2 protein chains.
Amino acid sequence: MPPVPTPNDSSTERRTRLNRDRVLDAGAALADAEGIGALTMRRLGKELGVEAMALYNHVHNKDDLLHGMLDRVAGEIELPDSSPDWRDHVRRRAISAHAVLMRHPWAAGLWTSSINLGPARMRYMDSALRSLDEAGFPPDLLDRAFHTIEDHIVGHALQALGFPLDHDQMMETGEEFLRTFPVDEYPDLAAHIRHHLQDDEDGDGFEFGLDLILDGLERRRSPS
Amino acid sequence: MPPVPTPNDSSTERRTRLNRDRVLDAGAALADAEGIGALTMRRLGKELGVEAMALYNHVHNKDDLLHGMLDRVAGEIELPDSSPDWRDHVRRRAISAHAVLMRHPWAAGLWTSSINLGPARMRYMDSALRSLDEAGFPPDLLDRAFHTIEDHIVGHALQALGFPLDHDQMMETGEEFLRTFPVDEYPDLAAHIRHHLQDDEDGDGFEFGLDLILDGLERRRSPS
DNA sequence: CACCCTATGTTTACAATGTAAATATATACG
DNA sequence: CGTATATATTTACATTGTAAACATAGGGTG
């Protein structure tokens with residue numbers, strides 16, 4: 001057999017054959033690195049050493065590309081094995097899902113708009129629903145519980161990603177901002193901003209809300 | 001004085017002068033009616049009887065248009081007056097905010113990405129923060145409470161809008177869907193879908209999650 | 001009223017983007 | 001090998017946001 005060309009040989013040698021997963025992964029990598037706005041078909045083609053139209057052999061259209069990418073990252077969510085403590089399951093899976101969305105900022109926006117769920121997403125949902133089922137939630141409550149947790153995951157990720165300022169930047173921008181801010185018109189909002197500026201956010205607000213929800217679910221599950 | 005031309009006279013008479021609010025309102029109306037995808041500068045111009053470029057005298061660019069529209073709908077949120085029952089305030093404002101986002105499906109996606117808040121949005125935030133402040137929440141908890149509620153509002157709206165199927169459509173599509181669905185591979189997900197199909201969603205899942213959160217906040221505020 | 005200055009609207013143009021259609025090439029299989 | 005099928009390229013076009021230059025109108029001042 002002839003020597004197979006090394007996949008990463010970039011310049012002279014012929015590139016490895018394209019396939020759907022390579023396209024999806026390159027797309028995710030590009031979106032991670034430069035933002036979803038940089039992900040154009042031409043640019044992604046260039047990234048793979050190929051013309052834009054070549055991508056259409058592996059992807060129906062850009063929407064298919066995006067949802068394929070999404071399902072790829074959905075596969076990164078950790079699905080804990082069963083254990084008697086339902087809160088532990090649910091909590092860990094939710095935290096992992098949230099972390100994945102934060103790690104791929106472009107993914108959170110797609111999460112809510114995907115009509116056709118990919119296999120990884122389905123595995124994730126199935127796992128989440130099973131945990132709640134095994135915990136003994138009756139069907140209606142189970143449904144509500146699942147959606148409330150899901151809403152919190154995606155809601156928090158999107159809100160957090162909407163303020164893409166790291167702590168230092170926020171200090172600067174915020175101080176500057178407060179100088180021109182009509183403090184007397186929105187006093188509580190001003191206080192809120194000030195609070196964000198001085199206090200190091202201790203821990204993640206995500207887990208606070210999550211525990212609030214889990215507490216409430218536990219109580220509704222077994223009303224004492 | 002000469003007779004002022006009627007604003008709605010469409011064909012022969014000269015149209016009323018454009019201004020920012022007319023542009024923003026027409027934009028919101030168009031996005032409401034035909035989806036955010038139909039909102040192009042040319043189309044919006046046509047809607048107002050004007051060329052696309054005329055809009056740029058009243059709006060810096062399309063982003064400015066969108067955020068202007070958003071602040072317009074933020075003004076639709078009801079801000080309840082004070083009353084001793086903090087949960088009542090917070091609950092009603094949250095429900096109103098959620099309803100507004102559901103009424104303007106394009107708005108929910110913008111809500112999370114607005115760096116510069118408009119005046120209506122600021123009034124809304126100020127009002128929400130004041131309610132929690134008057135309820136006696138200490139600063140850290142207040143902050144967490146506000147963001148958790150906000151996350152729930154936007155998270156639920158986006159998730160709900162992501163499945164834009166009314167009940168009847170869902171029955172059809174769902175039945176059809178379940179036939180080709182690998183039920184044995186995702187048994188709990190299949191059960192979940194079945195549950196959605198048969199059970200009339202009694203009430204809004206939004207309020208369920210909201211009350212879960214409010215319960216938890218009440219308990220954290222005054223640990224018995 | 002005449003004048004002109006500024007705010008508003010139009011025309012033309014261009015670059016970026018997704019993708020259809022036709023064409024070329026390479027790979028696998030008989 | 002030779003041919004059919006899968007893959008890649010080329011060319012082209014419609015749609016979009018918006019820059020730049022030009023046109024106009026309308027109102028305040030002489």
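Computed from a predicted model, the values in this text were never measured in an experiment. Just so it is clear: chains get the letters A, B, ... in the order the sequence lines come, proteins before strands, and each one is counted from 1.
- Identified under the salt bridge (charged side-chain N to carboxylate O under 4.0 Å, His left out) test for residues 67-79 of chain B, with sequence neighbours left out: B:D21-B:R72, B:D25-B:R72, B:E76-B:R103.
- At whole-Å resolution of the value, CG in B:L65 and C1' in D:dT18 are 13 Å apart.
- OP1 or OP2 of C:dG9 has at least one side-chain nitrogen or oxygen of B:H58 nearer than 4.0 Å.
- Residues satisfying the side chain to side chain contact (heavy atoms under 4.5 Å, CB included) criterion with B:D133, sequence neighbours excluded, are A:D188, B:L142.
- In this entry the distance linking CG of A:L44 with P of D:dT9 reads 13 Å, nearest Å.
- Atom CD of B:E51 is separated from atom P of D:dA20 by 20 Å (rounded to the nearest Å).
- In this structure B:H98 satisfies the side chain to side chain contact (heavy atoms under 4.5 Å, CB included) test together with B:M102, B:I153, B:H156, B:A157, B:D204, B:F206, sequence neighbours excluded.
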Taking only N/O atoms, report every protein-nucleotides 14-17 of chain D pair under 3.5 Å with atom names and distance.
unit_1	atom_1	unit_2	atom_2	d
D:dG17	OP1	B:K62	NZ	2.4
D:dG17	OP2	B:M41	N	2.9
D:dG17	N7	B:R42	NH2	2.6
D:dG17	O6	B:R42	NH2	2.8

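- The distance from atom CE of B:M53 to atom C1' of C:dT8 is 12 Å, rounded to the nearest whole Å.
- Distance check: B:T148 OG1 to A:F208 CZ gives 5.0 Å after rounding to the nearest 0.5 Å.
- We find that CG of B:D63 is positioned 8 Å from P of D:dT18, with the value rounded to whole Å.
- Protein atom NE2 of A:H60 is 11 Å distant from nucleotide atom P of C:dA20, rounded to whole Å.
- The side chain to side chain contact (heavy atoms under 4.5 Å, CB included) check on B:N116 picks up nothing, with sequence neighbours excluded.
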Side-chain donor-acceptor pairs under 3.5 Å in residues 59-69 of chain A, sequence neighbours left out?
unit_1	atom_1	unit_2	atom_2	d
A:H60	ND1	A:D64	OD2	2.8
A:N61	OD1	A:D63	N	3.2
A:N61	OD1	A:D64	N	2.9
A:K62	NZ	A:L39	O	2.8
A:D64	OD1	A:R20	NH2	2.8
A:D64	OD2	A:R20	NH2	2.5
A:D64	OD2	A:H60	N	2.9
A:H67	ND1	A:D63	O	2.9

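- Of the candidate nucleotides C:dG9, C:dT19, D:dA6, C:dG9 has the atom nearest to the side chain of B:R17.
- Between the side chain of A:N57 and the base of D:dA8 there is at least one donor-acceptor pair of N/O atoms closer than 3.5 Å.
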